[in-house]
Amino acid sequence: MELGSTLTQFLIEEQWKFKEASGEFTGLLVDIATAAKVISREINKAGLNDILGYQGGQNVHGEQVQKLDLFANDTFIQTLSPAKQLIAIVSEEMEDPYQVSEISPKGKYVLLMDPLDGSSNIDVNISIGSIFSIYRRKSDGGRATMEDFLQSGRLQVCAGYVLYGSSTMLIYTTGYGVHGFTLDPGIGEFLLSHENMRIPEEGKIYSINEAYTSHWDEGTRKYVEEAKKGEKTARYVGSLVADFHRNLLKGGIFLYPADSRNPDGKLRLLYEASPLAYIVEQAGGKATTGKGAILDLIPEKLHQRVPLIIGSKKDVEHAEACLNTHRED
Ligand code: P6P
C-alpha cells in the first residue's frame, strides 16, 4: 500500500529547494507536529480522563481557562523550547512572552500561537484547533523584544493550524502554497493529503454569529441580508479553525466583524487573524478588517483584537463593498 509523503519527508523535499536552508526551520515544524500529536491524543481521550471542565483559573483576558487550554500551551512550550530555533513564544494563554533565548541564544525565530482555540467546545465534542505564526527575529541577540513580535503579517515565514476534528489535520504555508496533512494515529505520522490547497473564488457558505445582529453596523447587516437573498447557506460552528477550514475546502466567508460592543471585534490579530490571513491569501482568498487587508496591519499590542472577514476572494470583496458603502463612521 502506497503510504504517501509524511510531513517530515515533504518538509525535507521543500528544504532542498532552498540551498541556503539550514534545516532549523524544518526541525521547528516537525516539533510543532509532535506537539500536535500529543494534544490530539489528549483531546481524543479528554472525556475519559476527566480532563474536561474548568481549571477554575482565568486567562489574561478574564476568560475561564479549560484544562486542555493549559495542557496545549504547556505541550507546545515543552516540545518547542529545547529545539533551540526559537527565542520566544507568545501565546493567548500567557500575558507576557515566554523567553527561550537563555537556552537558545542563536535562535532565529519567534512563535506566536493560540494553543487551543475554541476550547469552550471541548465539552461538547466539537472540533477545535491550534493556530501558529512564525517570524524571523528582528532584534540582534539576547532576549526577544516587542519588535520581534509586532511585525506585519506579510513578514511571517510560516503560518499554520491544527484541526482536531473527525481527523486531526495540520495545514501550513511558508509562502509556497498551502499544504494539508492528515494524522494517521495508527502510525503516528502526518501524511500529505491536500497538496497546494486553493480556496474556491466564491462559495455558498456564510459564517457569522447572527445572535449579535442587533449590535452590527449597517454594512454588516446589509451584507448578511444580501447573503440570505442570494444562494448562500449559513454555517457557524463557533470554533474559528473549524469554520475557517470548512470554507478553505468548500469556499465561503467567515465574519467576526466589529460591532457596537466590540469595536475591534473579538479575534486576536497576531495568533488568530494574521496566520489565517496568510494561509487564505496563499490559497487565493482574501482577509480584511473591512477597512483594509489583515496582513497590512502593523500590530501595536501582543493581544490586540481585530475585526476579521476572511474566505473566498469574491465573497470577501462583496462584503467589503457592503461595509464601505454603508460605513457609519
Ligand atoms: P462567539 C472561540 O471562543 C472563538 O475564539 C473562536 O474560535 C470562534 O470563532 C469565536 O470565538 C466564537 O465567538 O462570540 O460567536 O461565541
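Since this is a predicted model, take the numbers as computed values, not measurements. Order of appearance sets the numbers: ligands from 1, and atoms from 1 within every ligand.
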Student: Could you state the interatomic distance from CZ (F190) to CD1 (I32), rounded to the nearest 0.5 Å?
Tutor: 11.0 Å
Student: Answer yes or no for R154 and Y278: cation-pi contact, defined as NZ/CZ to six-membered ring centre under 6.0 Å and angle to ring axis within 45°.
Tutor: no
Student: Verify ring pair (Phe, Tyr, Trp, His ring centres under 6.0 Å) between Y109 and F25, making sure each step is shown before the conclusion.
Tutor: CA-CA 9 Å; Y109 303 104; F25 186 73; 5.6 Å; yes
Student: Excluding sequence neighbours, so at least two apart, what forms ring pair (Phe, Tyr, Trp, His ring centres under 6.0 Å) with Y176?
Tutor: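 Counting only residues at least two positions away or on another chain, Y176 forms a ring pair (Phe, Tyr, Trp, His ring centres under 6.0 Å) with F18.
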Student: Are the charged groups of E317 and K313 less than 4.0 angstrom apart, N to O?
Tutor: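 Yes.
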Student: In terms of side-chain geometry, is the basic nitrogen of E272 or K266 positioned less than 4.0 Å from the acidic oxygen of its partner?
Tutor: no
Student: Please tabulate, line by line, the atom pairs linking an N/O of ligand 1 to a protein N/O at a distance below 3.5 Å, with the distance in Å to 0.1, or answer 'none'.
Tutor:
unit_1   : atom_1 : unit_2 : atom_2 : d
ligand 1 : 5 (O)  : D117   : OD1    : 3.3
ligand 1 : 7 (O)  : D117   : OD1    : 3.4
ligand 1 : 7 (O)  : D117   : OD2    : 2.5
ligand 1 : 7 (O)  : L240   : N      : 2.8
ligand 1 : 9 (O)  : L240   : N      : 3.3
ligand 1 : 11 (O) : K266   : NZ     : 2.9
ligand 1 : 13 (O) : K266   : NZ     : 3.1
ligand 1 : 14 (O) : Y212   : OH     : 2.6
ligand 1 : 14 (O) : Y256   : OH     : 2.6
ligand 1 : 15 (O) : N209   : ND2    : 2.8
ligand 1 : 15 (O) : Y236   : OH     : 2.5

